[in-house]
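Mind having a look at this structure? Questions to follow.
In this chain, numbering begins with 1 at the start of the sequence shown.
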Amino acid sequence: MIVSPVAIVDPSTEPRLDSARHPSPRLLADIGGTNARFALETGPGRIDAIEVLPCAAHATLADALRTYLALPAVAAAGAVRHAAIAIANPIVGDCVRMTNHHWEFSIEALRRECGFDELAVVNDFYALAMALPHLASGDKRQVGGGVPVAGKPIGLLGAGTGLGVSGLVPAENTAKPGWTALRSEGGHVTFSPANETEVAILQFAWREFEHVSAERFLSGSGLELIYRALAHHRGVALDALDAPEITRRGLAGSCPLCAEVIEVFCGMLGTIAGNLAVTLGAQGGVYIGGGIVPRLGERFAASCFRARFEQKGRFSGYLAQVPTYVITAEYPAFVGVSAILADRPGV
């Protein structure tokens, strides 16, 4: 079912009139390992016809695109000539092979197949980083203290099917003030435990993986890995639970082991977020995106996340001043891919 239109307005500019329209609709897409989200931008800041398609239901990205473009409400909007896709994968050259899904494609071949004049394909967290300056106050929720310092770097990470990492650094020595988004694959840094429980979890993970990255734990499959590791470490019976069920039981308080999984996950994320903050000097704040944390709601705010974020010894005072935010906007990546497409010459 197509979601109702969403008006997205850049707060740093004058309000745009809804009557302003592009010569032809622009396709915006946010492709994760689980879901493919599509929308049309019919005018500056005007997002319509949002549709979420399961990746597993389509053999290729081109199939999913054709399905979306054939929807009556989409087809009625007119021919799409310009498109921008954010995808959960590094983009190096023309060939894209997804890390957490089987889709692979040539960007140029996809452009020709779909009949686009222009097709931009970027990493999903690069696109999300581009959206950060345009988020309204209602699109984010602060966790813990700290105050952002204007013009300083901003960190971004988020757990979903995988662990995405990016950030923004101020663009210096340019005629036009702005930001440079980072093309990062920081989710694949080597995981470092911060306490004895995490040492035991890591030792368990080594049985399955030669290299244990942060993403191995800070993802949907990571919740399941933590659950198995904790059950082994605690010597308790193991049920066959997937990530949604672990989260549901943990939030409901019906399973102490699942509740501990959530707490361990939040602590690990706090450490990785703190690492990102000191690495970038992210005094502009650190933002948490992805699909998992927003679903935790107040449980995340009450967790050890913020304490672990600040737990950096001599730099604890430094990190106490850095604010952390959960992105609550439903489709923030669309704002980023729209900005990327708008910067293309002739679009």
Within a strict 4.5 Å, meaning less than it, do heavy atoms of the Ile327 and Leu132 side chains meet?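 Side-chain contact under 4.5 Å: yes.
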
Could you tell me whether Glu118 and Arg26 have a side-chain N and a carboxylate O separated by less than 4.0 Å?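 Here Glu118 does not pair with Arg26 in a salt bridge, since their nearest N and O are not under 4.0 Å apart.
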
Is it true that the side chains of Asn89 and Thr99 contain a donor and an acceptor less than 3.5 Å apart?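 Side-chain D/A pair, Asn89 to Thr99: present.
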
Could you list all the ring pair (Phe, Tyr, Trp, His ring centres under 6.0 Å) pairs where at least one residue sits in residues 218-258, not counting sequence neighbours?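 Of all non-adjacent pairs touching residues 218-258, those that pass ring pair (Phe, Tyr, Trp, His ring centres under 6.0 Å) are Phe204-His232.
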
We want to know whether Ser338 and Glu41 form a side-chain donor-acceptor pair, criterion being a heavy-atom distance below 3.5 angstrom.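 Their side chains do contain a donor-acceptor pair, which is all the 3.5 Å distance test asks for.
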
For Gly291, does its backbone N or O pair with a side-chain atom of Arg295 as donor and acceptor, under 3.5 Å?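 Yes, the answer is positive, given that a donor and an acceptor are paired below the 3.5 Å cut-off.
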
Quick one: are Thr34 and Pro54 in side-chain contact, heavy atoms under 4.5 Å?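 They are not in contact (no side-chain heavy atoms under 4.5 Å apart), so the answer is no.
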
Find out whether Phe209 and Arg216 are in side-chain contact, i.e. whether some heavy atom of one side chain is under 4.5 Å from a heavy atom of the other.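 In short, these two side chains touch, coming nearer than 4.5 Å.
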
Taking the ring of Phe265 and the ring of Phe217, is the distance between their centroids below 6.0 Å?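 No, too far apart.
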
Kindly indicate whether a cation-pi arrangement holds for Arg141 with Tyr325, taking the cut-offs as under 6.0 Å to the six-membered ring centre and within 45° of the axis.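 Relative to the ring axis of Tyr325, which defines the angle, Arg141 lies outside at least one limit.
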
Under 3.5 Å, side chain of Asp117 to main-chain N/O of His82, donor-acceptor pair present?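 Checking the backbone N and O of His82 against the side chain of Asp117, no donor-acceptor pair under 3.5 Å is found.
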
From OG (Ser303) to CD1 (Ile262), nearest 0.5 Å: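 Between atom OG of Ser303 and atom CD1 of Ile262 there are 9.5 Å.
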
Side chains of Glu185 and Asn123: does their closest heavy-atom pair fall under 4.5 Å?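 They are in contact (side-chain heavy atoms under 4.5 Å apart), so the answer is yes.
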
Polar side chain donor-acceptor pair, Tyr287 to Lys140, under 3.5 angstrom: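 Yes, a side-chain donor-acceptor pair sits under 3.5 Å.
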
Parallel, tilted or perpendicular: which one describes the rings of Tyr331 and Phe334, with boundaries at 30° and 60°?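 Tyr331 vs Phe334 ring planes: parallel.
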
Does any part of the side chain of Ile91, heavy atoms only, come nearer than 4.5 Å to the side chain of Ile107, both counted from C-beta?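 Ile107 vs Ile91: side chains touch.
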
Can you find a pair of side-chain heavy atoms, one from Lys312 and one from Asn275, that are under 4.5 Å apart?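 Answer yes - side chains close enough.
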
Do Ser184 and Ser166 pass the side-chain hydrogen bond (donor to acceptor under 3.5 Å, both in side chains) test, and can you show the C-alpha distance, the side-chain angles, and the key distance before you say yes or no? CA-CA 5 Å; Ser184 172; Ser166 184; over 6 Å; no

Are Leu182 and Leu280 close enough, and set up right, to give a side chain to side chain contact (heavy atoms under 4.5 Å, CB included), and what steps lead you there? CA-CA 11 Å; Leu182 303 178; Leu280 294 182; 3.7 Å; yes

Answer yes or no: is there a side-chain heavy-atom contact under 4.5 Å between Leu319 and Gln321?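 Heavy-atom side-chain distance check fails, nothing below 4.5 Å.
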
Is NZ or CZ of Arg183 both nearer than 6.0 Å to the six-membered ring centre of Tyr126 and within 45° of the ring axis?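 The answer is yes; both the distance and angle limits are met.
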
Classify the angle between the aromatic ring planes of Phe305 and Phe300 as parallel (below 30°), tilted (30 to 60°) or perpendicular (above 60°).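 Plane angle between 30° and 60°, so tilted.
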
Taking Trp103 for the side chain and His58 for the main chain, is one N or O donor matched with an acceptor at less than 3.5 Å?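 Checked: pair present.
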
To the nearest 0.5 Å, what is the distance between CD1 (Ile246) and CG (Leu257)?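 Taking CD1 in Ile246 and CG in Leu257, the distance rounds to 8.5 Å.
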
Salt bridge check: are Arg228 and Glu208 linked by an N-O gap of less than 4.0 Å?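 Judged by the 4.0 Å cut-off on N to carboxylate O distance, Arg228 and Glu208 do form a salt bridge.
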
Spell out, as yes or no, whether a donor-acceptor pair under 3.5 Å connects the side chain of Ser316 to the backbone of Glu310.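 Checking the backbone N and O of Glu310 against the side chain of Ser316, a donor-acceptor pair under 3.5 Å is found.
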
Donor-acceptor under 3.5 Å (Glu51 side chain, Phe38 main chain):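 No.
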
Leu119 and its side-chain contact (heavy atoms from CB on, under 4.5 Å) partner, picked from Ile85, Leu341, Leu27: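 Answer after filtering Ile85, Leu341, Leu27: Ile85.
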
State whether the side chain of Glu260 and the backbone N or O of Pro256 hold a donor-acceptor pair below 3.5 Å, judged by distance alone.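 Such a contact is absent between Glu260 side chain and Pro256 backbone.
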
Is there side-chain contact between Pro148 and Pro323, with at least one heavy-atom pair below 4.5 Å?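 The answer is yes, as the side chains (C-beta and beyond) meet within the 4.5 Å cut-off.
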
Could you give the distance from CG (Leu269) to CZ (Arg308), rounded to the nearest 0.5 Å?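 With rounding to 0.5 Å, CG (Leu269) is 10.0 Å from CZ (Arg308).
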
Between the side chain of Thr161 and the main-chain N/O of Gly32, is any donor-acceptor distance below 3.5 Å?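 Not at all, since once roles are kept as given, no pair shorter than 3.5 Å links the two residues.
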
